[in-house]
Structure formats: C-alpha cells, structure tokens
Amino acid sequence: MATGRNPVRSVARSGWEIIVYLAMALFIFLAPVFLRVIDIIYGGDLHGSRFGLMSKNDVGPIYLASFLVDAFLLTWLLVAGPSSKSGVLRIVSHGFAAVVTWKPFVFLGQHSLQVFSVHIFYIYIVALMIGKGNVSEGYLAAFLLSSPVPMFLGAWLDGRWKNRNLGSASSGLRT
C-alpha cells in the first residue's frame, strides 16, 4: 500500500477464471475431507465430548488450506469478479457483493465489537440452558431464531450512544 499499488489487484485479476473454478471445487471438496478426518480421529463423535476437545493440530492443514481458498475466492469475487469473462462468475460475484454490502450486515459490521460481546453473552445463556438438560427443542429453536434480535439491539444501542456523545461534543459539553 505504501508504494501506491494495491496488492490485491495482483492476485485478483480478470483472466483467472479457471483458477477460480478450481478454487471453488477445492472449497466444496474440503468440507467432506474435514468431516472424514474428524471421523477417523474421533470416531464420528461430532456432537460428543471428544469433538469439543478437538485439537486444531489434528486438522491444521485442512484449516490452512480452507482459509487460503476462502480468502482467494472472496477477494477475487469482490475485486475481479464483476469484470469476469464468465457470466456465471459475474452473477456469483454480484450476488456475493450484494450480500456483503446488505445494509443490515454493514450496520452490524460498524458495531462489530458490541455485536460480538452480545453474541458471546447470548451463547453463554444458551449453553447454560442446554447444560441443565430440561429445555425443549422447540424452545431452543425459538431462542436460536431470535438470536439476531439482541445483536441488532446491541448495535443500535451503540449507535445511539455514539450519536449522543457526538452531539454533546459538538455543543462543547463534556461527558
């Protein structure tokens, strides 16, 4: 960036459509590989106690490969995808750009620390409810489906707090 060149442009350029299709295939391939490795190491115990204690060293190479593929795909779709020669990739790129620039997601991103904090608090509540074992699946489903509400509430309250502080700062008052 200091040289005035955008390093992303060197990786995400039009004309790499074949590499993007290969990356998409690898993206799809990595999920079952990850699950198979877990099955081999942990005996298919995806919901049991051993899976919760899974060592990232056991699946580290898969995490790294997945991260690199995801980073490349997301970057390419946002930067070079709109001008791609492939109609399919242009459509996927525009769809992805629409999702990541959707106003509710942008709003949550602008208040990400508060959203993260509320999310952690919410997860602890769910974990405490599940730990007691006497909560119905319907109640847990309702709790899960309502989970965006406190996140948006936390973001909204943070926005109100910031606007309140900006208003008092512009009038010369200190809080």
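For the numbers below, each heavy atom of this structure counts, side chains included, while hydrogens, waters and symmetry mates do not. We're numbering straight along the sequence, starting at 1.
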Student: Which value, rounded to the nearest 0.5 Å, describes the distance between M24 atom CE and I19 atom CD1?
Tutor: 13.0 Å
Student: How long is the gap from OG on S93 to CD1 on I91, to the nearest 0.5 Å?
Tutor: 10.5 Å
Student: Write down the atom of L144, the atom of P148, and the distance for their closest heavy-atom approach.
Tutor: O-CD, 4.2 Å
Student: Is it the case that one hydrophobic cluster holds both V106 and L113, taking links as side-chain heavy atoms less than 4.5 Å apart, direct or via other members?
Tutor: no
Student: Where do V118 and G154 come nearest, in terms of heavy atoms and distance?
Tutor: CG2-CA, 4.1 Å
Student: What is the distance from atom CD of Q114 to atom NZ of K162, rounded to the nearest 0.5 Å?
Tutor: 5.5 Å
Student: Let me check something: do I125 and Y139 share a hydrophobic cluster, defined by ILVMFWY side-chain heavy atoms less than 4.5 Å apart, either directly or through other members?
Tutor: yes
Student: With a 6.0 Å cut-off (strictly less than), is the heavy-atom count around CZ of F29, excluding the residue itself, greater than 12?
Tutor: no
Student: Counting neighbours of CZ on F143 that are heavy atoms of other residues, nucleotides or ligands and sit closer than 6.0 Å, is the number greater than 12?
Tutor: yes
Student: So, taking the atom named CG in L77 and the one named OG in S84, what distance separates them when rounded to the nearest 0.5 Å?
Tutor: 9.0 Å
Student: E17 versus V88: any side-chain heavy-atom pair under 4.5 Å?
Tutor: no
Student: Answer whether the closest heavy-atom distance between the side chains of W156 and L153 falls below 4.5 Å.
Tutor: yes
Student: Is there a path from W161 to F107 through hydrophobic residues (I, L, V, M, F, W, Y) whose side chains come within less than 4.5 Å of each other?
Tutor: no
Student: Minimum heavy-atom separation for F105 and V99, please, with both atom names.
Tutor: CD1-O, 3.2 Å
Student: So if you build clusters from Ile, Leu, Val, Met, Phe, Trp, Tyr with side-chain heavy-atom gaps below 4.5 Å, do L74 and L30 land together?
Tutor: yes
Student: Do F96 and L78 have side-chain heavy atoms sitting under 4.5 Å apart?
Tutor: yes
Student: For F121, does the CZ atom have more than 12 heavy-atom neighbours from other residues, nucleotides or ligands under 6.0 Å away?
Tutor: no
Student: Is I18 atom CD1 crowded by more than 12 heavy atoms from other residues, nucleotides or ligands, each under 6.0 Å away?
Tutor: no
Student: I need the minimum non-hydrogen distance between M151 and L108, along with the two atoms involved.
Tutor: O-CD2, 3.9 Å
Student: Is there side-chain contact between F152 and H111, with heavy atoms separated by less than 4.5 Å?
Tutor: no
Student: Among the clusters formed by ILVMFWY side chains lying less than 4.5 Å apart, do F116 and I123 turn up in the same one?
Tutor: no
Student: For the CG atom of L22 and the CG atom of L73, what is their distance to the nearest 0.5 Å?
Tutor: 10.5 Å
